[in-house]
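Everything on this sheet refers to the single structure shown next.
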There are 4 protein chains.
Amino acid sequence: MIEIDKYSRTPIYEQIVNAFEQLIASAELKANDVLPSVRMLSQQLSINPNTLQKAYAELERKGLCYSVPGSGRFISDDAQNKVFGKKGELLQELKAIAEELRLFKVSLEEVIETVRAVY
Amino acid sequence: MIEIDKYSRTPIYEQIVNAFEQLIASAELKANDVLPSVRMLSQQLSINPNTLQKAYAELERKGLCYSVPGSGRFISDDAQNKVFGKKGELLQELKAIAEELRLFKVSLEEVIETVRAVY
Amino acid sequence: MIEIDKYSRTPIYEQIVNAFEQLIASAELKANDVLPSVRMLSQQLSINPNTLQKAYAELERKGLCYSVPGSGRFISDDAQNKVFGKKGELLQELKAIAEELRLFKVSLEEVIETVRAVY
Amino acid sequence: MIEIDKYSRTPIYEQIVNAFEQLIASAELKANDVLPSVRMLSQQLSINPNTLQKAYAELERKGLCYSVPGSGRFISDDAQNKVFGKKGELLQELKAIAEELRLFKVSLEEVIETVRAVY
DNA sequence: GTGGTCTAGACCACG
DNA sequence: GTGGTCTAGACCACC
């Protein structure tokens, strides 16, 4: 369900946040779905529970989930709306990369072709 | 000539490496051109000489320049060839972003339009 | 475990790199063994943490170890294979010295005797 | 006659000193032979005259040559004797290399064979 | 003037 | 606790 690269430069907790945002975006996680418990998921991913805790706290801060003490943690009603705010950031990154590619004199055609290949 | 964002997440020394790679790619720096001295450029960018030293060491490691102690630092003969190896990495990044955008259900048209705007 | 000569012409960080390469070569350090932390070892050798950091970065660059930020630094799986590539370099140096000795009209017997004394 | 590697880690002036020591050792330069003038040789090697000056000063300091103002610079009578003092240093280096090779588990036979190939 | 190395000490993010 | 980065300032050898 979620894959972690321990050796990546992007922090583990951020990888987790990204993963959940994608799951929400692709509607694999819907409003009021329950998230895996910290203990279970941290064990399953063999990461430090503190790290997962931090990821969940971040998701909460972003309003993508809420916790019900003694019961669990659930996806917010408006999670999917909020997560699409990330679209802008991604497009921003896309522009940055495209800008660099232009400086490296890569043709527009080649760039578009590369993008099209993914879709 | 070079602009540094002190608060960026990417380390200063890496920003500098990228900047020089671009200057080489765009042929603003050619083989055997002399690079600005450590002291001068570090002062001009108001960063620590050590930080710049680290950036220059990295460029050297990549074979993009060579240093002649007591004399200066110069662009390698084959710097431009080497730097174009970076094109592949950038296209790789592009694919990763495009992949994410697809997961966020951004239409292919919108992505291409964004790219085209940069060129 | 490691000995540093502060006054040697070869930089401290390079002495450290060499020391670790030998420890790997002699299998005193094996794959996935943890390296001493920057703080601890720098204190023990009474050198600056930055200097040790530089040595460790070099080992990493050579693919002899990898770091997991917040966790530690570990010997690579294929470290021992890589380090044996150094054998060739050493034999190269040996030839250079022998060549010089020949120019100085040192007899082959004396050279061989000197070598044999070390083994 | 003399070859310089501008990019070597050993300083240029030291390369020159070494070169002359070898020429003396191999008797290509004998007592009272004249050395090339600073201006001529520095031009021929396309190095800075100051650098050559420093090399000559070093040779003089070692008693391998003497200068006669207005006339030139000449090899000392006992230059060849003195230069053979370097034999000890070279044997020292040889031992250091052999020691390292032993740590890298290179067999004595292979080491001796490598040495023999040079002679 | 140049590059190379080192020390001392600080701050940050991560686990 | 860990590694990563940065600053400030020093010293050296070399050209």
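Every value quoted in this text rests on a predicted model; they were computed, and no experiment measured them. Lettering of chains follows the sequences in order, A, B, ..., and the numbering in each one begins at 1.
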Nearest whole Å is fine: how far is [N] [atom2] from [X] [atom1]?
| X | N | atom1 | atom2 | value |
| --- | --- | --- | --- | --- |
| D/Asp5 | F/dC15 | CG | P | 12 Å |
| A/Asn48 | E/dA13 | CG | P | 18 Å |
| D/Ile12 | E/dT2 | CD1 | C1' | 13 Å |
| D/Tyr7 | E/dG3 | OH | P | 15 Å |
| C/Lys6 | F/dC11 | NZ | P | 14 Å |
| A/Ile16 | E/dC14 | CD1 | P | 12 Å |
| B/Glu60 | E/dT2 | CD | C1' | 13 Å |
| B/Arg39 | E/dG4 | CZ | P | 11 Å |

(message) Quick test of your reading of the model: are C/Glu58 and C/Arg61 salt-bridged, counting only N-O distances below 4.0 Å?
(response)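 Yes, this pair counts.
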(message) Salt bridge or not between D/Arg102 and D/Glu99? Use side-chain N to carboxylate O under 4.0 Å.
(response)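 Counted as a salt bridge, because a side-chain N and a carboxylate O are separated by less than 4.0 Å.
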When all nucleic acid strands are considered with a 4.0 Å heavy-atom cut-off, which category describes [X]: base, sugar-phosphate, or nothing?
| X | value |
| --- | --- |
| A/Ile47 | nothing |
| B/Tyr13 | sugar-phosphate |
| B/Arg73 | sugar-phosphate |

(request) Go through the structure and list residues passing salt bridge (charged side-chain N to carboxylate O under 4.0 Å, His left out) with A/Lys54, not counting sequence neighbours. (result)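 Salt bridge (charged side-chain N to carboxylate O under 4.0 Å, His left out) list for A/Lys54, sorted by chain: empty.
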Report, as yes or no, whether the 6.0 Å neighbourhood of atom [atom1] on [X] holds more than 12 heavy atoms from other residues, nucleotides or ligands.
| X | atom1 | answer |
| --- | --- | --- |
| D/Glu60 | CD | yes |
| A/Glu14 | CD | yes |
| C/Lys95 | NZ | no |

So if I take every side-chain heavy atom of [X] and compare against [options], which nucleotide ends up nearest?
| X | options | value |
| --- | --- | --- |
| B/Pro11 | E/dC14, F/dG3, F/dT5 | F/dT5 |
| C/Thr51 | E/dG3, E/dC6, F/dG3 | E/dC6 |
| C/Gln53 | F/dT5, E/dG3, F/dC15 | F/dT5 |

(message) I'd like to know if B/Asn50 reaches the base of E/dG4 with its side chain, counting only an N/O donor and acceptor under 3.5 Å.
(response)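 Answer no: no donor N or O sits under 3.5 Å from an acceptor.
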Taking only side-chain nitrogens and oxygens of [X], does any of them come within less than 4.0 Å of OP1 or OP2 of [N]?
| X | N | result |
| --- | --- | --- |
| B/Ser71 | F/dC15 | no |
| C/Ser67 | F/dG4 | yes |
| B/Lys54 | F/dC6 | no |

(message) Using heavy-atom distances to pick each residue's nearest nucleotide on DNA chain E, tell me which of B/Gly72 and C/Val68 is more 5'.
(response)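 Closer to the 5' end of DNA chain E: B/Gly72.
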(request) Return the 5'-most residue of the pair A/Glu14, D/Arg9 with respect to DNA chain E, ranking by each residue's nearest nucleotide. (result) D/Arg9
(message) Can you work out whether B/Gly70 or B/Pro49 has the more 5'-proximal nearest nucleotide on DNA chain F?
(response)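 The residue whose closest nucleotide sits nearer the 5' end is B/Pro49.
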(message) With a 3.5 Å limit on both atom pairs, tell me what F/dC14 is paired to, counting Watson-Crick and G-U wobble, or say none.
(response)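 When the pairing criteria are applied, E/dG1 turns out to be the nucleotide that pairs with F/dC14.
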